[in-house]
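A short write-up of the structure that comes next.
Along the sequence shown, the residues carry numbers beginning at 1.
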Amino acid sequence: MINVKSFTAVLVSALILGVLYLCNSLSYRTSPQQNISPNNISPNNISPNNMSPKNRLSADVNAVNAISNEVHLVAPEHLQYEQPSIVQGRTDVVTVTPWMAPIVWEGIFNQVLLDSIYKPKNITIIATVFAVGNYIRFLKKFLETAEQHFFVGFKVHIYVFTDRPNDVPHVTMASGRQLMVRLVPSSKRWQEISARRMELIQILIEEQLPNNRNYIFCLDVDSQFHGRWGSESLGGLVAVTHPGYYRDSRSNFPYERGPSSRAYIAPGEGDFYYCGGAFGGLLQEVHQLAKTCRHNFEADAKEGIEAAWQEESHLNRYMWINKPTKVLSPEYLWQDFKPRNPEIHIVRFSGVVKNYAEIRPNP
């Protein structure tokens, strides 16, 4: 006769192992763009299967915690909010991708409900911003408007990368919000500054940000916040559609079209054109993105190749293969010189008007 207690114990153990295996599989995204040739193999391409048992266990635990934090959404009891509907809502825009990721627009989410779900999780939102050379002039407005609109009421840590630490402005920050300054070298080419961002983001996560349950957003300093940017933007891997191309055919997207580059996207391929000036997600997801883009950029450079739009080209290649779990509409990175299109009900974050000849070290 079967021992019921033993059978139950075995069944429960099997279920737990199955969940751990699934979470582990989901937490490590594949990066097929690295497998262009055997020459791409490097120590940076170590998979979880090549880790020591101790490191693999630690990675598994962190991955399970991060995924649980993302998908287990608990609302407080007795919270009252407007009744949702599945037959009424915005009809002027698409709100879901073909791979079933939400596309976030004004009017499709309830901010009170979302904040009540995410605030009790005790998460920290990290933001990175690069204020190198003359771009330091934009930092004060970036920080001031972030205080007004960016994850208000959450713990926020902003990391400023700059070659002018003495010029970082003093901005009063609310309780739970911190500013950290990291010194970086100057550069004579703005393309090099742009290209190094992925490397510096990768290193920051590895050295300073071990808690995989937190989120990070990488943002352009020459932009300002104008409206709420909050918990509705949280996701595993978060992309922002580019305001200049979101209405265009993919044939007009400025993807890297040179087949020799690791950022190459062939005609007829690709989903949307994403901004290099705003992206984010869970720490381990953004770490994988930054690590992969850095590797591919450096591999290209060794062969004398520079993608059309540097790290933005490599980011678009990465996100074509590794689909974002949430896509933010152009509300989340508009351009001040552009008039609003009818579907843009609010501008939350926008690039300021500027004279590139004044701020860039080279044309």
Side-chain angles (χ1 to χ4, degrees), residues 31-45 128-135 161-163 184-204 218-223 239-240 242-245 248 250-279 286-322 333 335 351 354-363:
S31 301
Q33 62 266 47
Q34 289 187 348
N35 299 328
I36 295 173
S37 73
N39 295 330
N40 288 340
I41 298 173
S42 77
N44 289 334
N45 298 332
T128 64
V129 61
F130 289 76
V132 179
N134 290 328
Y135 278 83
F161 294 82
T162 183
D163 57 344
V184 295
S186 303
S187 178
K188 294 182 179 179
R189 296 183 69 240
W190 67 265
Q191 293 91 339
E192 293 174 359
I193 299 170
S194 174
R196 287 206 65 208
R197 292 204 301 179
M198 291 299 184
E199 173 192 352
L200 294 169
I201 291 167
Q202 176 193 342
I203 293 171
L204 174 69
C218 309
L219 305 171
D220 271 357
V221 71
D222 54 345
S223 305
V240 180
H242 197 292
Y245 301 99
D248 287 2
R250 61 157 66 113
S251 62
N252 293 329
F253 294 167
Y255 290 145
E256 171 55 45
R257 297 303 189 184
S260 57
S261 172
R262 290 157 181 81
Y264 173 64
I265 297 179
E269 297 178 343
D271 298 309
F272 308 109
Y273 190 77
Y274 301 117
C275 296
F279 60 92
V286 176
H287 175 259
Q288 183 62 37
L289 179 153
K291 181 179 177 181
T292 302
C293 290
R294 174 194 178 184
H295 169 83
N296 290 339
F297 186 94
E298 290 177 352
D300 271 8
K302 289 178 181 177
E303 298 173 8
I305 301 169
E306 183 174 271
W309 290 103
Q310 295 79 45
E311 93 284 5
E312 185 172 87
S313 297
H314 287 279
L315 177 144
N316 271 276
R317 165 73 191 196
Y318 182 91
M319 288 187 171
W320 172 52
I321 301 297
N322 301 275
L333 187 50
Q335 294 166 319
K354 49 198 168 286
N355 182 350
Y356 286 112
E358 290 183 358
I359 58 175
R360 286 181 172 176
N362 65 294

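- Minimum interatomic distance between Gln202 and Lys291 (heavy atoms only, all atoms of both residues): OE1-CA, 3.6 Å.
- Side-chain atoms of Cys275 and Pro243, non-hydrogen and from C-beta on, do get closer than 4.5 Å to each other.
- Residue Tyr318 forms a side chain to side chain contact (heavy atoms under 4.5 Å, CB included) with just one option from Leu315, Asn316, Asn322, and that option is Asn322.
- Looking at Lys302 and Glu298, no side-chain N of the basic residue comes within less than 4.0 Å of a carboxylate O on the acidic one, giving no salt bridge.
- Shown here for Glu256 and Ser313, the closest heavy-atom pair between the two residues is CB-CB, 4.2 Å.
- The closest side-chain heavy-atom distance from Leu204 to Thr128 is below 4.5 Å.
- Evaluation of the side chain to side chain contact (heavy atoms under 4.5 Å, CB included) rule for Ser223 yields Asp220, Leu333, Phe349 as partners, not counting sequence neighbours.
- Residues satisfying the ring-ring contact (aromatic ring centres under 6.0 Å, His included) test with Phe253, not counting sequence neighbours, are Tyr255.
- Scanning for side-chain hydrogen bond (donor to acceptor under 3.5 Å, both in side chains) contacts around Tyr274 gives an empty result, with sequence neighbours left out.
- The closest side-chain heavy-atom distance from Ser261 to Glu306 is not below 4.5 Å.
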- Task: Before giving the answer on side chain to side chain contact (heavy atoms under 4.5 Å, CB included), spell out for Phe279 and Val240 the whole-Å C-alpha distance, their side-chain angles and the decisive distance to 0.1 Å.
- Result: CA-CA 6 Å; Phe279 60 92; Val240 180; 5.8 Å; no

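- In terms of heavy-atom proximity, Ala263 sits nearest to Asp300 at N-OD2, 4.3 Å.
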- Show your working on side chain to side chain contact (heavy atoms under 4.5 Å, CB included) between Lys354 and Asp222 and close with a plain yes or no. CA-CA 8 Å; Lys354 49 198 168 286; Asp222 54 345; 2.6 Å; yes

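- For the ring-ring contact (aromatic ring centres under 6.0 Å, His included) test, residues two or more places apart in sequence or in another chain that qualify with His242 are Tyr245, Tyr273.
- Shown here are the ring-ring contact (aromatic ring centres under 6.0 Å, His included) partners of Phe130, two or more places apart in sequence or in another chain: Phe161.
- Glu199 places none of its side-chain heavy atoms less than 4.5 Å from the side chain of Phe297.
- Residues Ile265 and Arg257 form a side-chain contact, since some pair of their non-hydrogen atoms from C-beta on lies under 4.5 Å apart.
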- Query: Does the side chain to side chain contact (heavy atoms under 4.5 Å, CB included) test come out yes or no for Thr292 and His314, once each step is laid out?
  - Reply: CA-CA 9 Å; Thr292 302; His314 287 279; over 6 Å; no

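- With salt bridges taken as basic N to acidic carboxylate O contacts below 4.0 Å, none links Glu312 and Arg197.
- Taking each heavy atom of Glu303 and Arg262 in turn, the nearest pair found is OE2-NH2, 2.9 Å.
- Partners of Asp163 by side chain to side chain contact (heavy atoms under 4.5 Å, CB included), not counting sequence neighbours, listed by chain and number: Val132, Ser186.
- Within the 4.5 Å cutoff, side-chain heavy atoms of Met198 are placed close to those of Leu289.
- The closest side-chain heavy-atom distance from Cys293 to Arg317 is not below 4.5 Å.
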